[in-house]
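Keep in mind it's a predicted model, so treat the numbers as computed, not measured. We use all heavy atoms of the structure for the numbers below, so side chains are in, but hydrogens, waters and symmetry mates are not. In what follows, chains are A, B, ... by sequence order, proteins preceding strands, each numbered from 1.
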2 protein chains.
Amino acid sequence: MSDASISNKRGAAVISFASIKAACKDCSLRELCLPRGLDDRELMALDQTVKRRRIVRKGEHLYRMGDPLQLLYAIRSGAMKTSELLGDGRIQVTGFQLPGEILGIDAIDGDRHRCNAEALEISEVCEIPWVKLEELAQRIGGLQHQLLRLMSGEIGREGQLLLMIGKMSADERLLACLYNFSQRQTRLGLSPTDIKLHMSRQDLGDYLGLALETVSRLFSRFQEEGLLTVRGKYVHLTNLETIHTRLG
Amino acid sequence: MSDASISNKRGAAVISFASIKAACKDCSLRELCLPRGLDDRELMALDQTVKRRRIVRKGEHLYRMGDPLQLLYAIRSGAMKTSELLGDGRIQVTGFQLPGEILGIDAIDGDRHRCNAEALEISEVCEIPWVKLEELAQRIGGLQHQLLRLMSGEIGREGQLLLMIGKMSADERLLACLYNFSQRQTRLGLSPTDIKLHMSRQDLGDYLGLALETVSRLFSRFQEEGLLTVRGKYVHLTNLETIHTRLG
DNA sequence: CGTACTATTGAGCGACCTCAATTGGCGTGG
DNA sequence: CCACGCCAATTGAGGTCGCTCAATAGTACG
């Protein structure tokens with residue numbers, strides 16, 4: 001949808017988008033992403049480091065648990081999910097990523113990815129060789145700071161999720177999750193009240209520590225209570241104020 | 001216990017330990033902590049950056065949610081816990097920290113601490129001014145790498161906890177937690193089978209997303225099953241093999 | 001030796017899960 | 001264009017794990 005230029009949906013790639021060179025300085029997401037706060041000269045250096053852009057189709061993986069760390073990924077369009085899994089197949093989704101967000105930094109300690117990263121829909125990502133990026137961060141103070149900030153942010157987000165799953169009731173979890181989506185969509189210049197759920201109910205459940213049926217029932221109940229209206233993947237928050245206050 | 005020199009338990013500090021200067025190069029935890037992999041010259045520079053050592057008593061806080069980020073803390077002895085809380089008082093413990101581990105890195109994004117850090121028993125920490133450390137990391141490649149590694153490790157640990165709380169049953173959670181304690185104690189050169197629980201049952205419950213009564217009941221059940229023996233804060237794992245296999 | 005806190009154990013209940021049937025949306029092929 | 005099949009989502013019934021409330025036992029410390 002957001003990538004109208006890709007018309008052929010199942011055959012081999014018709015046009016080799018994969019080799020298009022990225023250019024942070026022209027990217028609309030610059031201030032949300034890794035380059036935030038860098039000056040023109042530094043931006044050029046970063047651009048030379050970023051390898052290329054790449055299209056990932058729905059269901060395709062950027063990496064899997066155990067893969068050696070080679071690239072970080074910055075999302076340009078689309079949506080991804082990261083998940084860990086237990087030996088017997090139980091899944092915990094650890095995050096959903098939107099444009100401007102970075103994937104892969106969990107793997108720096110241990111040099112291997114600790115989770116799977118899968119596209120929820122057709123997406124475009126920038127590939128960033130980790131070794132080069134670390135070298136560059138050594139030379140550019142602002143980039144080191146930005147990297148540390150990104151990682152710290154990830155820690156904060158996981159802490160939030162921990163609090164949600166560990167101490168919130170099912171309805172609080174889903175509400176907090178929707179509120180979070182609303183805020184992140186706003187950051188991207190989209191509506192705070194009209195949310196697109198890029199993931200399935202199953203994914204939402206696996207993220208919030210709930211069964212998919214519980215998620216579905218909650219949507220119905222919220223609708224009865226007049227908090228929102230649902231139509232498939234689209235949720236309209238009719239009462240953002242109430243939602244905010246109900247979260248304390 | 002580990003700090004026999006501190007005899008006066010509730011009055012004002014008799015001896016001013018607080019101003020003792022740290023010395024990474026002489027520290028037995030060097031290879032577990034921030035200085036890992038640094039050479040002698042770099043170690044000297046780091047030593048000049050580390051502010052001082054400090055004693056924290058049981059129940060004392062290193063920082064609280066909302067405090068501005070000024071110092072990171074490296075634990076030399078004792079044990080700490082970090083926790084987040086909801087408006088209405090509900091608590092989620094996000095981690096327990098042992099000697100050689102670093103506290104405070106959650107605050108880099110946003111410049112304010114996102115959790116409370118409280119001593120579980122009398123402990124000794126090294127204070128590290130964050131601003132100086134970041135500057136130093138800009139000059140010392142190994143230190144930048146070490147910082148990034150530490151943060152990535154924190155992300156990994158939180159991810160593990162997420163998986164535990166989100167997708168494991170109560171008994172699996174406690175077992176996984178004990179197994180983790182066993183591994184970390186081993187790293188410190190202590191026994192893999194004789195574990196000291198530095199925290200209360202309440203804290204354990206708040207960490208694992210369980211009621212304290214559930215934790216207590218599980219200990220009793222594990223004892224009946226012959227997996228371990230409990231005496232207050234001391235747990236002896238009689239069957240580390242079985243525990244490991246039961247975790248898949 | 002008493003006080004206060006922490007841990008254990010029991011009984012009953014409720015939130016959320018599991019299993020199962022039904023409905024709805026969408027692409028594919030006749 | 002409609003029928004069919006497939007998958008996702010909804011809804012219902014019943015079960016269970018872990019919580020809450022409450023009483024008792026154990027432990028630390030003055």
Note to self: Distance check needed: C/dT18 P versus A/Arg90 CZ, whole Å only.
What the structure shows: 10 Å

Item checked: 5′-ward residue of the pair A/Leu210/B/Leu212 relative to DNA chain C -> B/Leu212

Checklist line | B/Glu121 CD to D/dA28 P, straight-line distance once rounded to whole Å | finding: 14 Å

Notebook entry, point to check: Tell me, which of residues 162-180 of chain B have any heavy atom that sits under 4.0 Å from an atom in DNA chain D?
Noted result: B/Ser169, B/Ala170

Checklist line | Polar contact flag, side-chain donor to acceptor under 3.5 angstrom, B/Thr82-B/Gln97 | finding: yes

Item checked: Distance, rounded to the nearest Å, where B/Leu218 contributes CG and C/dT9 contributes P -> 12 Å

Notebook entry, point to check: Above 12 or not: heavy atoms from other molecules or residues under 6.0 Å from NZ of A/Lys58?
Noted result: no

Next item on the list: State which residues pass salt bridge (Lys or Arg N to Asp or Glu O under 4.0 Å) with B/Lys81; sequence neighbours excluded, sorted by chain then number.
Entry: B/Glu118, B/Asp203

Next item on the list: Could you pull out all residues at least two apart from A/Glu84 that satisfy salt bridge (Lys or Arg N to Asp or Glu O under 4.0 Å)?
Entry: none

Margin query: Using a heavy-atom cut-off of 4.0 Å across all strands, would you classify A/Gly205 as base, sugar-phosphate, or nothing?
Written below: nothing

Note to self: Test of understanding: with side-chain contact (heavy atoms from CB on, under 4.5 Å), list the residues that count as partners of A/Leu150, not counting sequence neighbours.
What the structure shows: A/Leu34, A/Ile102

Next item on the list: Using five base pairs at each end, measure the axis-to-axis angle across the helix from C/dC1-D/dG30 to C/dG30-D/dC1 and round it to 10 degrees.
Entry: 40°

Margin query: Can you measure A/Phe222 atom CZ to D/dT10 atom P for me and round it to whole angstrom units?
Written below: 13 Å

Next item on the list: Would you please name every residue forming a side chain to side chain donor-acceptor pair (under 3.5 Å) with A/Thr242, sequence neighbours left out?
Entry: A/Asn239

Next item on the list: Write down the distance between CD (A/Glu224) and P (D/dT11), rounded to a whole number of angstrom.
Entry: 8 Å

Check: Under 4.0 Å between a side-chain N or O of B/Ser216 and OP1 or OP2 of C/dA7?
Finding: no

Note to self: Tell me every residue that passes side chain to side chain donor-acceptor pair (under 3.5 Å) with A/Gln185, counting only those two or more places apart in sequence or in another chain.
What the structure shows: none

Note to self: For a quick check of understanding: with a heavy-atom distance under 4.0 Å over all strands, which category does A/Ser220 fall into, base, sugar-phosphate or nothing?
What the structure shows: sugar-phosphate

Check: Listed by chain and number, what are the side chain to side chain donor-acceptor pair (under 3.5 Å) partners of B/His198, not counting sequence neighbours?
Finding: B/Glu121

Next item on the list: Using salt bridge (Lys or Arg N to Asp or Glu O under 4.0 Å) as the criterion, list what pairs up with A/Glu60, not counting sequence neighbours.
Entry: A/Arg54

Notebook entry, point to check: Any side-chain N or O of B/Lys233 under 4.0 Å from OP1/OP2 of C/dA7?
Noted result: yes

Expected rows: protein N/O vs nucleotides 21-26 of chain D N/O, under 3.5 Å:
| from | atom 1 | to | atom 2 | distance (Å) |
| --- | --- | --- | --- | --- |
| D/dC21 | N4 | B/Glu213 | OE2 | 3.1 |

Note to self: Rounded to whole Å, please give me the gap between OH in B/Tyr234 and P in C/dA7.
What the structure shows: 13 Å

Checklist line | CD/A/Glu241: more than 12 non-hydrogen atoms of other groups inside 6.0 Å | finding: no

Next item on the list: Indicate whether any N or O donor in one side chain lies under 3.5 Å from an N or O acceptor in the other, for B/Asp67 and B/His113.
Entry: no

Donor-acceptor contacts under 3.5 Å from residues 151-166 of chain A side chains, at least two apart:
| from | atom 1 | to | atom 2 | distance (Å) |
| --- | --- | --- | --- | --- |
| A/Ser152 | OG | B/Ile105 | O | 3.2 |
| A/Ser152 | OG | B/Asp106 | O | 2.9 |
| A/Ser152 | OG | B/Ile108 | N | 3.1 |
| A/Ser152 | OG | B/Asp109 | N | 2.9 |
| A/Glu154 | OE1 | A/Arg157 | NH2 | 3.1 |
| A/Glu158 | OE1 | B/Gly159 | N | 3.1 |

Next item on the list: Check the distance between C/dC26's P and A/Arg231's CZ and give it to me in whole angstrom.
Entry: 8 Å

Check: Is A/Glu172 salt-bridged to A/Arg246, going by a charged N under 4.0 Å from an acidic O?
Finding: no

Check: Under a 4.0 Å heavy-atom cut-off, which of residues 193-204 of chain B touch DNA chain D?
Finding: none

Notebook entry, point to check: Separation of A/Leu208 atom CG from C/dC17 atom C1', in whole Å?
Noted result: 15 Å

Check: Are the side chain of A/Thr238 and the backbone N or O of A/Leu227 linked by a donor-acceptor pair below 3.5 Å?
Finding: yes

